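This report refers to the structure that appears directly beneath it.
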2 protein chains.
Amino acid sequence: MTEKSCLLEPVFDLFGKKWTTLILREIMNGNNHYGKLLKIIPNISSRTLSSRLRMLEENGIVIRNVYDTIPPSVEYNLTKIGQKTRKIFVAMSEWQAEWKKVND
Amino acid sequence: MTEKSCLLEPVFDLFGKKWTTLILREIMNGNNHYGKLLKIIPNISSRTLSSRLRMLEENGIVIRNVYDTIPPSVEYNLTKIGQKTRKIFVAMSEWQAEWKKVND
DNA sequence: CCGGATCCCAGCGGATACTG
DNA sequence: CAGTATCCGCTGGGATCCGG
C-alpha cells in the first residue's frame with residue numbers, strides 16, 4: 001500500500017492497517033490511555049500499538065498528551081478531523097451488515 | 001489483518017488491500033474486461049490483478065463472465081452488494097477532502 | 001511498572017516466464 | 001487473451017528487551 005495506486009489510498013494507508021480502526025473505536029469510547037488500550041485490545045503488541053498511535057498522531061487524527069507523573073501516563077485524544085472518521089465507520093458498518101446477509 | 005481484531009476487519013480485509021479499490025472503481029467506470037483493467041491500472045501485475053478479482057468474486061462483490069470466443073474474453077461486473085460499496089467510497093472521499101485541508 | 005525501541009521472521013505482492 | 005508458476009525482496013507485526 002505504499003505506491004500511489006488510488007486516490008483513496010491515503011485513507012486506506014491509515015485505516016486499512018490492522019488494529020487501527022479498533023484503536024480509534026476504543027479512543028472514541030473514552031479508553032484513551034496507552035496502558036488501558038493495551039489491556040482492552042486483545043492480543044495487540046505494544047510495538048504495534050505504539051506504531052499505530054504514532055502514525056495517527058503524525059496524520060493529525062489523534063493528539064498525544066504526556067503527563068509527567070510517577071508512574072508516567074500518556075493520553076490520546078481524537079482531533080476534530082479524527083472525530084469525523086465516525087461517518088466512514090458508519091458507512092462501512094451498514095455495508096457490512098448487508099454484505100453479511102448476502103454472503104453467509 | 002488476518003486475526004479478528006475488529007468488527008470491521010472483514011471490510012478492511014477486502015478494501016484495505018492494495019489495488020482493490022482502484023479495481024472496483026475501474027469496473028464501476030465500465031472497464032470490466034481483464035485485459036482492459038491490466039492496461040488501465042498503472043503498474044499492477046497480472047498476478048495481483050487475478051488475485052484481487054478472485055477474492056472479490058469469492059466474496060460476492062464481483063461476478064465473472066466468461067465468453068467462449070476466440071480470442072477468449074472475460075468480463076467482470078459488480079453484484080448488487082458490490083455496487084453499494086460506492087457509499088463507503090463517497091464517505092471516504094469526503095473525509096479525505098477535509099483531512100487534506102487540515103493536514104497539508 | 002509505563003511507554004516504547006530492537007530483533008527477527010512469515011507472508012504479501014512485484015517481476016518475469018510460461019500455458020491453454 | 002486470460003491467466004498460472006516461480007522466485008524473492010520488503011514490510012508488518014509478534015516476541016523480547018530497555019530507560020526512567
Side-chain angles (χ1 to χ4, degrees), chain A residues 1-6 8-24 26-27 31-59 62-77, chain B residues 1-6 8-24 26-27 31-59 62-77:
Chain A
M1 213 65 160
T2 49
E3 210 174 310
K4 188 193 66 180
S5 61
C6 172
L8 284 176
E9 201 160 298
V11 182
F12 282 111
D13 280 346
L14 291 170
F15 306 133
K17 281 194 194 302
K18 192 173 176 179
W19 303 108
T20 310
T21 58
L22 188 53
I23 293 168
L24 282 177
E26 292 306 331
I27 294 177
N31 298 314
N32 39 16
H33 286 271
Y34 182 92
K36 192 91 177 274
L37 290 169
L38 201 58
K39 276 172 212 151
I40 277 194
I41 300 174
N43 299 325
I44 195 170
S45 68
S46 63
R47 176 202 191 285
T48 303
L49 180 57
S50 296
S51 164
R52 291 295 174 277
L53 287 170
R54 205 174 320 123
M55 176 189 230
L56 290 170
E57 189 193 6
E58 284 169 2
N59 285 282
V62 137
I63 294 178
R64 183 171 186 269
N65 293 86
V66 182
Y67 296 94
D68 205 2
T69 53
I70 297 177
S73 164
V74 181
E75 188 179 298
Y76 294 89
N77 288 291
Chain B
M1 212 68 158
T2 50
E3 210 175 312
K4 188 192 64 178
S5 61
C6 171
L8 283 175
E9 201 160 299
V11 181
F12 282 113
D13 280 345
L14 290 171
F15 306 132
K17 279 195 193 304
K18 192 174 177 180
W19 303 110
T20 310
T21 59
L22 188 52
I23 293 168
L24 283 177
E26 291 306 330
I27 294 177
N31 298 314
N32 38 17
H33 287 271
Y34 181 92
K36 194 90 177 272
L37 290 168
L38 201 57
K39 276 171 212 152
I40 276 192
I41 300 173
N43 300 325
I44 195 171
S45 68
S46 64
R47 164 184 159 64
T48 304
L49 180 57
S50 295
S51 164
R52 291 295 174 278
L53 287 170
R54 206 174 321 121
M55 176 190 231
L56 290 170
E57 190 194 3
E58 284 169 1
N59 284 282
V62 137
I63 293 178
R64 184 170 184 268
N65 293 88
V66 182
Y67 295 94
D68 204 4
T69 54
I70 297 175
S73 166
V74 181
E75 189 179 296
Y76 293 89
N77 288 289

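Each chain gets a letter, A, B and so on, in the order the sequences are listed, and its residues count up from 1. Predicted model only: the values in this text are computed from it and were never measured.
Rounded to an integer number of Å, the gap from Asp13(A) CG to dG12(D) P is 9 Å. The nearest whole Å value for the distance from the CD1 atom in Ile44(B) to the P atom in dG13(C) is 10 Å. If you take CZ of Phe12(A) and C1' of dC12(C), they are 17 Å apart, rounded to a whole angstrom. Summarising the geometry, the separation between CG on Leu49(A) and P on dC2(C) is reported as 13 Å, rounded to the nearest angstrom. Spacing between atom NZ of Lys18(A) and atom C1' of dG14(D) amounts to 9 Å, rounded to whole angstrom units. If you take CD1 of Ile41(A) and C1' of dG14(D), they are 16 Å apart, rounded to a whole angstrom. Atom-to-atom, CD of Glu9(A) to P of dG13(C) comes out at 11 Å; the value is rounded to the nearest Å. Going from atom CD1 of Ile70(A) over to atom P of dG19(D) covers 18 Å, rounded to whole Å.
Taking 4.0 angstrom as the limit, Trp19(B) places a side-chain polar atom (N or O) nearer than this to OP1 or OP2 of dG14(C). For Lys17(B), no side-chain nitrogen or oxygen approaches OP1 or OP2 of dC12(C) to under 4.0 Å.
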### Task
Take Ile27(A) and Asn77(A), measure what side chain to side chain contact (heavy atoms under 4.5 Å, CB included) needs, and give me the verdict at the end.
CA-CA 7 Å; Ile27(A) 294 177; Asn77(A) 288 291; 5.6 Å; no
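For Ser50(B), the side-chain hydrogen bond (donor to acceptor under 3.5 Å, both in side chains) partners two or more places apart in sequence, or in a different chain, are Tyr34(B). Under the rule for a side-chain hydrogen bond (donor to acceptor under 3.5 Å, both in side chains), Asn59(B) has no partner lying at least two apart in sequence or in another chain. With sequence neighbours excluded, no residue forms a side-chain hydrogen bond (donor to acceptor under 3.5 Å, both in side chains) with Ser51(A). In this structure, Lys39(A) has no side-chain hydrogen bond (donor to acceptor under 3.5 Å, both in side chains) partners at least two apart in sequence or on a different chain. Residues passing the side chain to side chain contact (heavy atoms under 4.5 Å, CB included) test with Arg64(B), sequence neighbours excluded: Glu57(B), Val66(B), Val74(B), Tyr76(B).
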Could you run down the sub-3.5 Å N/O contacts of the protein with nucleotides 2-9 of chain D?
residue: dA2(D); atom: OP1; partner: Val74(B); partner atom: N; Å: 3.0
residue: dA2(D); atom: OP2; partner: Gly35(B); partner atom: N; Å: 2.9
residue: dG3(D); atom: OP1; partner: Arg64(B); partner atom: NE; Å: 3.3
residue: dG3(D); atom: OP1; partner: Arg64(B); partner atom: NH2; Å: 2.3
residue: dG3(D); atom: OP2; partner: Tyr76(B); partner atom: OH; Å: 2.8
residue: dT4(D); atom: OP2; partner: Arg54(B); partner atom: NH2; Å: 2.7
residue: dT4(D); atom: O4; partner: Ser46(B); partner atom: OG; Å: 3.1

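Where Pro71(B) and Ser45(A) meet DNA chain D, the nucleotide closest to each residue was compared, and Pro71(B) sits on the side nearer the 5' end.
Arg52(B) contributes a side-chain N or O that, together with a main-chain N or O of Lys18(B), makes up a donor-acceptor pair within less than 3.5 Å.
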